[in-house]
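Computed over heavy atoms, backbone and side chain alike; hydrogens, waters and symmetry mates excluded. All chains are named by letter (A, B, ...) in the order of the sequence lines, taking the proteins before the strands, and each is independently numbered beginning at 1.
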Number of protein chains: 2
Amino acid sequence: MAPTLVDVAARAGVSTATVSRVLNGNYPVSPGTKARVLAALHELDYVVNGPARALAAASSDMLGVIVNDVSDPFFGILSSGIQWEAGGAELLAVICNTAGSPEDELKYMQLLLRQRARAIVLTGGGREDPDHAERVAQLIRQCHERGARVVFCGRQAPPDSEAVSILFDNRGGARALTRHLLAMGHRRFAYVSGPEANTTTTARAAGHRDALLAAGLEPEDGAALHGDFSRASGFAAGMELVRRGVDCTAVVAGNDLTALGVMAALREQGVRVPEDVSVAGFDDLPVAMDAAPALSTVRLPLREAAARAGRLAIGADDMPGPDGLVWLSSELIVRESVGPPGRGLASTARL
Amino acid sequence: MAPTLVDVAARAGVSTATVSRVLNGNYPVSPGTKARVLAALHELDYVVNGPARALAAASSDMLGVIVNDVSDPFFGILSSGIQWEAGGAELLAVICNTAGSPEDELKYMQLLLRQRARAIVLTGGGREDPDHAERVAQLIRQCHERGARVVFCGRQAPPDSEAVSILFDNRGGARALTRHLLAMGHRRFAYVSGPEANTTTTARAAGHRDALLAAGLEPEDGAALHGDFSRASGFAAGMELVRRGVDCTAVVAGNDLTALGVMAALREQGVRVPEDVSVAGFDDLPVAMDAAPALSTVRLPLREAAARAGRLAIGADDMPGPDGLVWLSSELIVRESVGPPGRGLASTARL
DNA sequence: TTGTACGCGTTATCAG
DNA sequence: CTGATAACGCGTACAA
């Protein structure tokens, strides 16, 4: 059996209280007894019982991070940054993959709540569904009642939830990107977005639309497809665009992975990027730089977002402003995947 | 204050034991009282206290995963797969980033031990240091004493530690890769490996060396550099090779990210890949396929490894064989970054 | 089927 | 500075 405080105390010839004091260093202990206790601790290979401590102290040293999927670099980078801050504060970061399922999101929030996590960070876009939002708001309330912080990173917290939000300028970034494409001369677009009813999807699509309308163009919804932000869905969408004979000179994707998939599909169909068709992404993941051709995209300060979210979660930073909102700006990154309008998709794709 | 079993029991007019039984469903409870308890549970928004339960039941529902860095796709994919299995078993996966530091590895093992984690999965290569190995072995022993499973994924467990190991055929894969380069006609190589004294680094370098020796070539250690498996270190190494005037026709990198960095550096120096110099990676991360040019590499079954490690960790699979070793095979992936020998690095790089 | 009562390993309060 | 001892919230023999 694992040794407990009682065992250590017996061996050192002191009370459990004294051992606890040595362990936590929050009360004075004479050097002599301290040495004896430390020796006993070492000899028995004593390891603190986390659950017992959490029960007695009514607080745990866990930090929950809810993501879509850690293997998606977008979330991997966020997770890594948050985990870094957590580790610095001697906290354990629990990563929960929801695979985009709103039910799993709720399930994991409950699981973290029951573990008495110090804080929960919800990353990425959220589902646009009043019912779901209400249930999330309810859970946030419970978190706060128990003294757990809740931080949103990539989407806005429900109104009057008192939770902090780190926000990306998705709409502005998307607007700038499409403006860039328009400036290059493009007029016929296809848009491959993320999952439906997702806040990130919506914001980016809105930015794209903003730019189109400002240029006096009518957004053609016929050339808009939904994916799930994965490379595979981008590939499928690329093939679908070809199949449908969509005649565009530029494909705007909801994120980089989708753009990568689209480019792979076009390549396979004999369409050259950017000579025949331009392709743009969003996020500026590391892979965007190494892709063929390098991806024109919008850079999001993911590492900074993660650091701020992490620091907010561990309580190192104070709640910002009265509205609890932190806006992070985006930056247009011009590379090689976008060029002047080419011959277009319909006339170059060989089915 | 958060409601406890006592509150629920009072409200439902039953004892705490009954509430506990309803919660766990491990003892018969009459439908009537069950309904009353469920109602009370709901009305009070009761949430189980995880630590208290863990203390009473002497077991927690946490699964620890130790990785170098989740934002590295290699580890992101492993983490995601393990987390998937954990989630399916209603367990929480705790991801710990060590950033390659052996001290952090030990620190996190202790932290997980103290949380009474059900199992710990150590991923990636390990440090080749008898002293460190001994301390790890010591911690593994403590884990086993407390009934926690330990699974290695990507490196071999210390001898007689009774821990299970999922292993990649790093050496065989590296051998096959270099054999391929030799078959293409290359004779002058540069090698950019991972961190020193790392089991993965060593195994891959050994495979490369095997192939060279088998072909009657003398490994030129002058053209071997160490990185840390990151893209940045690959970029630095690529620049350094140029600076040193290393005259090779092929650069073999210890992993894909390093290869990507090398390619970026060569590109920047005016060296074409693969026309002038060939570059090869290892791992076959998703990015290898989208890179420019697409990377010739060695595919490792990361998702499979993660699934097996996860299942072993949660106890869904039995300990394999008498030696506790599971070998996973690798596969040579030929793409565009390797071609016939070109003019070589020294004669094409413009400093 | 249900209730009582004790133990799980710590922390914290209160004496000494 | 140190030692008893009472929580902390839950699971579970044991008894009814």
Side-chain angles (χ1 to χ4, degrees), chain A residues 1-38 40-41 44-62 111 113-118 142 145-148, chain B residues 1-38 40-41 44-61 111 113-117 142 145-148:
Chain A
M1 235 347 245
T4 71
L5 271 195
V6 177
D7 303 319
V8 178
R11 177 153 194 130
V14 298
S15 72
T16 60
T18 302
V19 179
S20 174
R21 288 176 187 127
V22 171
L23 242 26
N24 297 298
N26 45 2
Y27 284 92
V29 175
S30 81
T33 50
K34 179 170 179 175
R36 290 215 314 288
V37 171
L38 286 175
L41 246 18
L44 294 176
D45 276 335
Y46 174 78
V47 177
V48 177
N49 184 317
R53 171 178 282 182
L55 175 58
S59 94
S60 82
D61 37 7
M62 285 187 24
L111 231 47
L113 203 49
R114 95 165 36 156
Q115 292 301 327
R116 299 296 187 262
R118 284 255 192 100
Q142 289 191 41
E145 276 167 22
R146 286 146 212 267
Chain B
M1 237 347 247
T4 70
L5 272 196
V6 178
D7 303 319
V8 178
R11 176 156 194 127
V14 297
S15 72
T16 61
T18 303
V19 180
S20 173
R21 295 198 258 259
V22 171
L23 241 25
N24 298 297
N26 45 0
Y27 285 91
V29 176
S30 83
T33 49
K34 179 169 180 176
R36 289 215 314 288
V37 170
L38 285 175
L41 246 17
L44 294 175
D45 276 335
Y46 174 79
V47 178
V48 177
N49 184 316
R53 171 179 280 182
L55 176 58
S59 94
S60 81
D61 37 6
L111 231 48
L113 202 48
R114 95 165 36 156
Q115 291 302 327
R116 300 297 188 260
Q142 289 190 42
E145 277 168 22
R146 286 146 211 268

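- Distances were taken from every side-chain heavy atom of B:Ser20 (C-beta onward) to each of C:dT11, D:dT12, C:dT2; the shortest belongs to D:dT12.
- In this structure, B:Tyr46 atom OH and D:dG9 atom P are separated by 10 Å, rounded to whole Å.
- Nucleic acid contact for B:Leu5: sugar-phosphate only, since backbone atoms but no base atoms lie under 4.0 Å from a heavy atom of the residue.
- Atoms CG (B:Leu55) and C1' (D:dA7) sit 13 Å apart, rounded to a whole Å.
- The CZ atom of A:Arg114 sits 13 Å away from the C1' atom of D:dC10 (whole-angstrom rounding).
- For A:Thr33, whose side chain is taken as the heavy atoms from C-beta onward, the closest listed nucleotide among D:dG3, D:dT2, C:dG3 is D:dT2.
- Between B:Ala57 and B:Lys34, the residue anchored closer to the 5' end of DNA chain C is B:Lys34, taking for each the nucleotide with the nearest heavy atom.
- In this structure, B:Arg36 atom CZ and C:dT1 atom P are separated by 15 Å, rounded to whole Å.
- Distances from the side chain of B:Tyr27 to the nucleotides D:dT12, C:dT10, C:dG3 place D:dT12 closest.
- In this structure, A:Ala17 reaches the bases: a heavy-atom distance under 4.0 Å links it to at least one base atom across the strands shown.
- At a threshold of 4.0 angstrom between heavy atoms, the contacts of A:Val14 are confined to the sugar-phosphate backbone, with no base atom among them.
- Candidate nucleotides C:dT10, D:dT12, D:dG9 were compared by shortest atom distance to the side chain of A:Thr4, and C:dT10 ranks first.
- Residue-to-nucleotide contacts include a donor-acceptor pair under 3.5 Å from the side chain of B:Arg21 to the base of C:dG3.
- In this structure, B:Pro28 and A:Val6 both approach DNA chain C, and ranking their closest nucleotides by distance from the 5' end singles out B:Pro28.
- B:Arg114 places no side-chain N or O within donor-acceptor distance of the main-chain N or O of A:Val47, the cut-off being under 3.5 Å.
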Would you list the atom pairs, donor with acceptor, under 3.5 Å between side chains in residues 51-60 of chain A and any protein atom, with sequence neighbours excluded?
unit_1  : atom_1 : unit_2   : atom_2 : d
A:Arg53 : NH2    : A:Asn24  : OD1    : 3.3
A:Ser60 : OG     : A:Met62  : N      : 3.4
A:Ser60 : OG     : A:Arg116 : O      : 2.8

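- For A:Ser30 and D:dT2, the shortest distance from a side-chain N or O to OP1 or OP2 is below 4.0 Å.
- The 5' end of DNA chain D is approached more closely, in terms of each residue's nearest nucleotide, by A:Pro31 than by the other of B:Val48 and A:Pro31.
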